[in-house]
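Below is one structure, written out as structure tokens; comments come after it.
Per chain, numbering begins at 1; letters A, B, ... match sequence-line order.
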There are 2 protein chains.
Amino acid sequence: MSRKPMVRPGGRSARVQQAVHTAVRELQAEVGRPELTVPMIAARAGVTPSTIYRRWGDLQELLSDVAVERLRPEAPPEDHGRLLDDLRSWAEQFLEEMAAPTGRAYLRDALLGDPDGDNAGRCSDYAAEQIGTVLARAVERGEDVPDVDTVIDRVVAPVMYRILFRPDGLTGAYAHRLAEEALEGFSAGR
Amino acid sequence: MSRKPMVRPGGRSARVQQAVHTAVRELQAEVGRPELTVPMIAARAGVTPSTIYRRWGDLQELLSDVAVERLRPEAPPEDHGRLLDDLRSWAEQFLEEMAAPTGRAYLRDALLGDPDGDNAGRCSDYAAEQIGTVLARAVERGEDVPDVDTVIDRVVAPVMYRILFRPDGLTGAYAHRLAEEALEGFSAGR
DNA sequence: GGCCTGACGCAAGTAATTTGCTTTAGGGTG
DNA sequence: CACCCTAAAGCAAATTACTTGCGTCAGGCC
């Protein structure tokens, strides 16, 4: 029942979706997010506005789609050979990416135009996947590890909460501390 | 530099603000959030649309204002005579309030139309204040207590994260567990 | 009590959104 | 491979929302 159809690559829908997404990214860079309008995007994408309205409903849902795409991690987390180091480093990068002005903007957009919580769920899945990778590696090495959910509660949630609700004074050190505390009581704990 | 002036009660601005906020709440109940429009609110409040646009900028900022008001806690947390019980009970109520459809909607609105993060900060302050009260009482009793920030990281943040990103399967038991874990290592811990 | 400022009302102009109808691309079937 | 059938796109008119300039008024401050 989503407005985002599962289009096969190569079809016309796919080309339109591609063109529109590209147009959004280009225009975001050129004129800035607050000046963006649906007709402007449509013109750039070589599409009529009504197409966008019909497919995405409104600007916010479209931006939400684009934002989620950009929040998808591009590479698996770095491997430092030890859970504590992996998690610390991942948390730090995660925080830096999300707390940067551009990251925060994407995050807001992703949450914003998301009536059914679908895109938000996707963001959460990305993080869970990354953490799953880190933990799986540690298990492979024979380390004793916590649940993915525990790490989400102890690391991801605090970072997100602070980014969204109290955006001041976020440092890499904070991310490190969270990672360490999340591992207390496990073999990887300090 | 906010668009929300600190109007003294009794002035005309105050009356307009009051009328508009009331109109928003009434119409939210009557027609539902997605059907809300600025002209509709203006008509109900007995005000011209341009007044709303000039004062709030757009619908989202107005809704954000209204939402923050409704998220303000109405009473101090219950006193059960023991930190663990106080925190458990508070966390449960907090979760229930925020996870309910209406609470989630307010939360989203509050975050949503909030360019400067001002309203989000206010929400966080509300929670911090409530927790501060709970902890202060415990100190009064001679209990050993964690920081407000620790409780926020361990209880508030996970609840909020799940509400925003993974809205399924939230139960009071989860809130209890978070409260208990937040107090581990303190005199109130189980 | 009389100015002065900031906020509101009004109305005209501009831009965005919705909608009904037509056209077309491209997948499915024989 | 050609033909239909449907989902999605184009087009254009109608509606609705938003912006803006200017006149007016309330109410705070001498």
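A:Arg15 contributes no side-chain N or O that forms a donor-acceptor pair with the base of C:dG26 under 3.5 Å. Side-chain atoms of B:Arg55 and base atoms of C:dG6 include no donor and acceptor less than 3.5 Å apart.
The CG-P distance, from A:Leu62 to C:dT17, rounds to 11 Å in whole Å. Separating the CD1 atom of A:Ile52 from the C1' atom of C:dT19 is a distance of 17 Å, rounded to the nearest angstrom. The nearest whole Å value for the distance from the CE atom in A:Met40 to the C1' atom in C:dT17 is 16 Å. Rounded to an integer number of Å, the gap from B:Leu59 CG to D:dT19 C1' is 16 Å. Rounded to a whole Å, the CG atom of B:Leu36 is 14 Å from the C1' atom of D:dA17. Spacing between atom OH of B:Tyr53 and atom C1' of C:dA15 amounts to 12 Å, rounded to whole angstrom units. Between the CZ atom of A:Arg54 and the P atom of C:dG20 there is a distance of 9 Å, given to the nearest Å. The interatomic distance linking A:Gln17 (CD) with D:dA7 (P) rounds to 18 Å, in whole Å.
In this model, the phosphate group of D:dT24 is not approached by any side-chain N or O of B:Arg12 to a distance below 4.0 Å at OP1 or OP2. Contact annotation: A:Thr48 side-chain N/O to D:dA9 OP1/OP2 distance is not under 4.0 Å. Regarding contacts with the backbone of D:dA8, every side-chain N or O of A:Ser13 stays at 4.0 angstrom or more from both OP1 and OP2.
Electrostatic pairing of B:Asp149 and A:Arg166 counts as a salt bridge here, judged by a charged N lying under 4.0 Å from a carboxylate O. Salt bridge A:Arg70/A:Asp109: absent, no basic N to carboxylate O contact under 4.0 Å. For A:Arg122 and A:Asp114, the salt-bridge test fails: no basic side-chain N is under 4.0 Å from an acidic carboxylate O. A salt bridge between B:Glu184 and B:Arg154 is absent, with no side-chain N of the basic residue lying under 4.0 Å from a carboxylate O of the acidic one. A salt bridge links A:Arg141 with A:Asp79: the distance from a Lys NZ or Arg NE/NH1/NH2 to an Asp or Glu carboxylate oxygen falls below 4.0 Å.
Base engagement by B:Ser50 is indicated by at least one non-hydrogen atom pair under 4.0 Å involving a base atom.
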